[in-house]
Visitor: 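Let me give you the structure first, and then I'll get to my questions.
These numbers were taken from a predicted model, which means no experiment stands behind them. Letters go in sequence order (proteins before strands), and every chain restarts at 1.
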Amino acid sequence: MSENNWKYNAKEIELKWQAVWNQLDLFKSEVNQSKTKYYVLEMFPYPSGRIHMGHVRNYTMGDVVARYKMAKGYNVLHPMGWDAFGMPAENAAMEKKIHPSEWTYQNIDTMREQLKPMGLSIDWSREFATCDPDYYGQQQTLFLDMLEAGLAYRKNAIVNWDPVDQTVLANEQVEEGRGWRSGALVERRELVQWFFKISEFSDDLLKSVEQLANWPEKVKLMQKNWIGKSIGSEIEFQLENAPDGFPNLNVYTTRPDTIYGMSFAGISPNHPLAIFLGKNSKKISAFISDCEKIGNTEAAIDTAEKKGVDTKIRVVHPLIKNKSVPLYIANFILMDYGTGAIFGCPAHDQRDLDFAKKYSLEITPVIQPAGQMESSTRVTNTAYTGPGTLINSDFLNGKNIPDAKNSIVKHLENLKIGKTRTNFRLRDWGISRQRYWGCPIPVIHCESCGVVPEDRQNLPVLLPKNVDFSTPGNPLNKNLDWRQVDCPKCGRQSLRETDTMDTFVDSSWYFVRFTDPSSTDPTNKRSADYWMNVDQYIGGVEHAILHLLYSRFFSRAMHITNHLPKKSKEPFSALFTQGMVCHETYSTCTFKIENATGTLNLGSELRGLKSKSKTTIRFMISKDEFVVFKPRKSFAVGETITTADGRIKADLVAVENEWHPPEAVTETQHSKDQAKSLISSGAPVEVGGSIKMSKSKKNVVDPIDIIEQYGADTARWFMMSDSPPERDVEWTTSGVEGAWRHIQKVWKLTKDILIETSPEDNKSSEKIRNSISELEIARNQAIKGVTDGIESFSFNKAVAKLYEFTNILARSLAPKEYKLTSLRTMAILMQPLTPHLSEEIWSKLGNREVLLKQEWPLWDEGLLQREQIILPIQLNGKKKAEISVKRDVSNEEIEEMILENDKVQKYLNGTKPRKIIIVPGRIVNVVL
RNA sequence: GCCCGAGUGGCGGAAUGGUAGACGCAGCGGAUUCAAAAUCCGCCGCCUUUGCAGGUGUGAGAGUUCGAGUCUCUCCUCGGGCACCA
């Protein structure tokens with residue numbers, strides 16, 4: 001064997017094994033009732049154009065799990081597809097004059113080719129994109145079934161309108177009052193929209209969260225909060241001088257116990273009564289349109305005053321004789337929560353208190369905090385919302401809040417003006433999008449028949465090929481060729497629905513489609529029954545609410561419409577949310593100057609370096625020469641800057657901050673205080689904190705470059721090694737090099753062991769026997785450590801165990817046969833993480849069959865510890881000594897040894913210990 | 001404002017209530033080399049000490065315990081989610 005054959009050429013070896021796996025079709029999965037299935041899925045990517053490090057991390061994790069489960073003997077399903085509808089394709093169409101479809105499929109091709117070198121154990125035969133007519137056609141079938149089942153409906157709704165993307169956004173897609181994609185301030189508009197009746201499942205979605213044992217607590221909590229259940233009562237109030245058609249007012253409250261503290265009532269500006277009153281009152285209609293303008297941004301809400309207009313209508317207090325309170329239209333009341341109307345109890349609700357103070361309304365405390373005298377119950381600027389005793393409340397006086405609630409609800413029920421009602425924060429899911437690149441909603445609007453579902457035999461309703469993106473808005477509206485169709489019911493010329501579905505619909509059932517992507521129905525029940533649920537789902541925490549909640553809804557809806565067996569009510573048995581991939585940022589400041597005077601002939605651009613306390617501007621003349629201007633805390637455009645010696649002056653005309661990619665910056669020097677600088681110009685760069693890789697900050701490392709340079713195994717190993725998977729990981733060059741070194745080390749170790757020749761009688765010496773035992777212990781510990789690590793999603797710990805095992809094996813004096821056994825184990829244990837290297841080692845060890853088919857090893861509990869162990873001895877809880885004992889030594893013997901121990905005797909100083917606590921095999925504590 | 005979560009060396013991070021700092025990165029010293037890279041060996045929390053050794057140490061303070069990074073309470077800092085939801 002020549003030296004050359006042993007050089008580890010990652011690229012060559014990785015390609016070789018990928019070809020072998022491919023040829024053997026190892027990752028193809030089929031229904032096999034005799035084997036236990038395991039469905040592992042990573043959230044499928046949006047085909048943006050290139051694979052990024054976040055994908056690498058996500059898919060490596062999934063792959064580790066998939067390969068481990070394969071080795072454990074499961075029938076594993078590990079598919080991949082593309083979440084391919086969405087706005088970037090349309091933006092590309094507008095900017096680059098390329099058809100969204102073409103753009104999308106090109107990106108998919110690129111990304112598929114970029115994923116393949118990673119050596120993922122994916123069943124590519126199941127691949128599809130959500131923009132494939134076959135997929136979205138099946139989605140249209142689902143839609144029609146949901147329409148029939150009453151789970152999809154149309155209603156007039158005030159919607160969040162994104163003026164930049166010219167589309168409607170779901171509440172979930174509005175972040176801090178801005179569109180989640182465009183970042184534009186969202187406006188309110190009234191439109192007829194399609195909705196899914198997710199609210200029908202509010203209670204079930206909430207209750208079932210509890211049963212998701214293998215979901216992160218954090219995600220479960222977020223889901224619960226989002227659904228937001230509250231139990232309260234609806235109370236009917238009589239109105240005085242209300243217009244015809246509005247005899248009374250229904251109000252929702254969670255605090256019926258505070259009804260005696262009511263001093264006003266309020267309705268939302270969108271309340272039907274408010275709108276009616278607006279028709280006859282300029283003041284009211286002006287107020288309503290004012291409210292429309294105020295956005296729901298965080299800032300707007302924070303600063304928005306509580307405002308209202310008095311309707312002059314009086315609300316009769318149902319329990320206090322001859323008492324009535326004013327009815328206001330108030331800006332802080334939401335139409336789509338509860339009944340859109342409230343009663344105000346200023347003493348015990350902060351918003352009501354703010355409002356009451358502004359309009360000088362009565363404030364009557366009705367809850368007295370525990371331990372306070374009645375006289376000391378004063379009203380301040382803070383409403384009291386804690387526990388206490390009822391006061392000023394007639395028959396409720398003296399009761400605590402829960403008892404008062406019970407009594408008042410019963411009382412109101414008897415009077416037939418109140419009933420218990422549960423409210424949810426969760427609203428129905430608006431799915432209409434005024435966009436081209438999405439799944440068309442398969443209905444037709446007929447003048448005589450109304451909304452008519454498309455005939456199923458006409459599905460899929462294909463997106464038209466000809467689209468014009470030259471004007472804003474939905475291109476489908478303008479495409480009359482496509483829009484004009486005959487009504488399926490009466491045959492009259494009608495118009496197609498031009499709304500397409502929210503792309504979250506596409507991703508709400510793709511995991512079911514993977515179980516049989518070629519099925520002529522949305523699902524093949526036999527396959528779905530076998531493969532569902534997803535046993536392990538892995539993805540970013542940013543989908544903790546929307547995507548997961550919608551998918552949970554879809555599973556329920558698909559069960560009702562007979563597309564899924566009941567056991568799939570919860571689609572994801574286990575969920576893991578991984579952290580982001582971060583990197584340092586590098587920036588320079590460029591200062592532009594004019595009118596430079598002095599002895600040097602300066603150009604017009606200067607580099608600056610900012611630190612916490614000061615900014616230094618220096619003009620680079622060459623790599624080593626520069627002119628330094630007087631440092632200051634900050635510089636402003638328009639200032640005149642001078643060098644310290646005053647010889648050069650210049651006017652600062654612009655300051656530009658510029659980000660630089662990692663490859664443009666010098667490596668860390670071997671000294672702490674040596675700053676990083678630009679390779680091109682030598683200009684110093686400011687090193688910023690490690691944040692999520694993003695194009696805008698240019699702190700991106702392209703995975704393809706890394707795989708080219710080091711190989712996929714190195715990238716995979718590093719990704720799994722540094723941080724716990726749920727946390728963010730910082731991508732560092734030195735870390736990657738460390739991973740690469742380790743791969744080389746394992747390879748060299750393989751070589752060394754294989755060419756080793758050992759003498760025959762080498763087992764006789766005690767030293768060798770100890771080595772054998774030590775290696776066996778390390779091997780068993782590695783099996784346990786790696787198995788536990790993978791099972792518990794602590795890949796970093798699995799990696800650490802493999803490092804340890806490698807180090808011990810590399811130094812071991814055990815004979816060759818033992819080392820070979822260890823090497824075999826190591827190849828199997830490393831296989832999920834570094835599949836190519838492991839296969840190569842496996843074949844070098846003389847195995848004919850691929851490593852992938854090898855069974856996962858088991859460890860021997862008896863071989864995890866040496867016979868002779870070190871037992872630490874604590875004195876009053878502090879470690880002071882240790883003794884070496886046999887593993888199965890008795891407590892009596894230990895006690896004897898301890899009392900004889902020099903150190904212990906020194907501390908005991910002739911006295912007897914008060915107590916000796918022995919934790920077998922772990923520790924001894926002597927209490928003095 | 002409400003609800004979560006997290007604070008451990010220079011850094012990423014280990015630690016069923018039982019030897020704090022596994023493993024990796026960075027750093028330091030040595031071997032090898034004409035030299036460097038690569039590789040190998042050793043050191044590496046802080047303070048005192050030439051050394052032996054001793055003290056101290058997991059954001060701060062208290063508590064439970066034979067024993068606390070881990071459990072309880074209070075506080076501080078950072079991160080995340082929700083946010084006029086009656």
Side-chain angles (χ1 to χ4, degrees), chain A residues 176-177 216-226 228-230 232 251-256 258 266 268 294 296 298 300-302 304 306 330-334 336-345 348-352 354-355 382 385 423-427 541-542 544-545 668 670-672 690 717-718 721-724 726-730 732-739 741-742 744-745 748 785 794 796-807 810-811 870-882 913-919 921-928:
Chain A
E176 297 182 352
E217 282 306 319
K218 183 179 149 189
V219 174
K220 291 202 276 185
L221 195 72
M222 281 161 73
Q223 294 247 328
K224 280 192 238 174
N225 289 342
W226 191 264
K229 183 176 182 170
S230 76
V251 154
Y252 176 75
T253 180
T254 53
R255 294 295 303 273
T258 62
S268 162
I294 294 173
N296 45 356
E298 190 184 344
I301 289 164
D302 261 5
K306 304 275 175 285
N331 63 350
F332 64 95
I333 303 167
L334 305 171
D336 52 3
Y337 186 79
T339 59
I342 61 153
F343 80 71
C345 175
H348 306 294
D349 182 288
Q350 191 59 47
R351 291 156 304 178
D352 295 349
D354 294 344
F355 191 82
T382 314
T385 54
N423 248 307
F424 292 92
R425 216 188 76 104
L426 183 67
R427 317 286 153 80
V541 75
E542 66 273 19
I545 300 173
T668 319
H670 290 286
S671 151
K672 257 188 218 167
S690 190
W717 183 264
F718 173 66
S721 66
D722 237 28
S723 294
E726 67 277 12
R727 286 200 217 164
D728 292 351
V729 62
E730 189 187 352
T732 60
T733 309
S734 53
V736 178
E737 272 163 4
R741 272 202 297 274
H742 185 252
Q744 297 297 324
K745 187 174 175 176
K748 189 171 169 287
S794 311
N796 55 324
K797 287 188 242 169
V799 166
K801 268 280 173 285
L802 285 165
Y803 270 118
E804 262 178 279
F805 186 29
T806 309
N807 290 340
R811 288 172 207 185
I870 304 286
L871 206 57
I873 299 168
Q874 293 183 326
L875 289 150
N876 285 343
K878 297 237 173 207
K879 188 198 155 196
K880 295 289 178 189
E882 50 188 35
R914 266 200 278 166
K915 209 172 174 186
I916 296 177
I917 292 145
I918 298 168
V919 185
R922 307 266 347 182
I923 206 162
V924 178
N925 192 12
V926 180
V927 187
L928 302 177

Visitor: Using the side-chain heavy atoms of K878(A), tell me which of these nucleotides is nearest: C84(B), G57(B), G13(B).
Guide: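 Of the candidates, G57(B) comes closest.
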Visitor: Which residues satisfy the side-chain contact (heavy atoms from CB on, under 4.5 Å) test with N876(A), sequence neighbours excluded?
Guide: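 side-chain contact (heavy atoms from CB on, under 4.5 Å) check on N876(A) returns V927(A), L928(A).
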Visitor: Between A86(B), C66(B), A14(B), which nucleotide gets closest to the side-chain atoms of R727(A)?
Guide: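 Minimum distance to the R727(A) side chain belongs to A14(B).
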Visitor: Of all the choices, U39(B), G81(B), C3(B), which nucleotide is nearest to the side chain of M222(A) once you look at every atom?
Guide: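 Minimum distance to the M222(A) side chain belongs to G81(B).
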Visitor: Which of these nucleotides, C66(B), G13(B), U39(B), is closest to any side-chain atom of K915(A)?
Guide: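 Among the listed nucleotides, the one closest to the side chain of K915(A) is C66(B).
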Visitor: Could you work out which one of C3(B), G24(B), C40(B) sits closest to the side chain of D722(A)?
Guide: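 Of the candidates, G24(B) comes closest.
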Visitor: Nearest of C41(B), G13(B), G80(B) to any side-chain atom of R811(A)?
Guide: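 Side chain of R811(A) sits closest to C41(B).
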Visitor: Side chain of D349(A), heavy atoms from C-beta onward: which of A86(B), C25(B), C82(B) has the nearest atom to it?
Guide: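 Side chain of D349(A) sits closest to A86(B).
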Visitor: Please list, pair by pair, any protein nitrogen or oxygen found under 3.5 Å from a nitrogen or oxygen in nucleotides 15-21 of chain B.
Guide:
unit_1 : atom_1 : unit_2  : atom_2 : d
A15(B) : OP1    : K797(A) : NZ     : 2.7
G18(B) : N2     : Q874(A) : OE1    : 3.4
U19(B) : O2     : K879(A) : NZ     : 3.1

Visitor: Could you tell me how far A20(B) sits from C44(B) if I compare only their C1' atoms? Round to whole Å.
Guide: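 Per the computed distance, 16 Å lies between those C1' atoms.
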Visitor: Can you identify which nucleotide, out of G24(B), G13(B), A86(B), has its nearest atom closest to the S230(A) side chain?
Guide: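 Nearest nucleotide to the side chain: A86(B).
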Visitor: What distance, rounded to whole Å, do you find between the two P atoms, one in U74(B) and one in A22(B)?
Guide: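 After rounding to an integer number of Å, I get 34 Å for this pair.
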Visitor: Give the rounded distance in Å between these two atoms: NZ of K880(A) and C1' of A53(B).
Guide: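 These atoms are roughly 12 Å apart.
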Visitor: Work out how far the C1' atom of U56(B) is from that of U8(B), and round it to whole angstrom.
Guide: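 One C1' to the other, the span is 15 Å.
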Visitor: Would you write the dot-bracket representation of RNA chain B, where each base gets (, ), [, ], | or . depending on whether it forms a Watson-Crick or G-U pair under 3.5 Å and with which partner?
Guide: (((((((..(((.....[....))).(((((.......))))).((((....))))..(((((..]....))))))))))))....
Visitor: Using atom C1' in both nucleotides, what's the gap between C25(B) and G13(B) to the nearest angstrom?
Guide: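 It comes out at 11 Å once rounded to the nearest Å.
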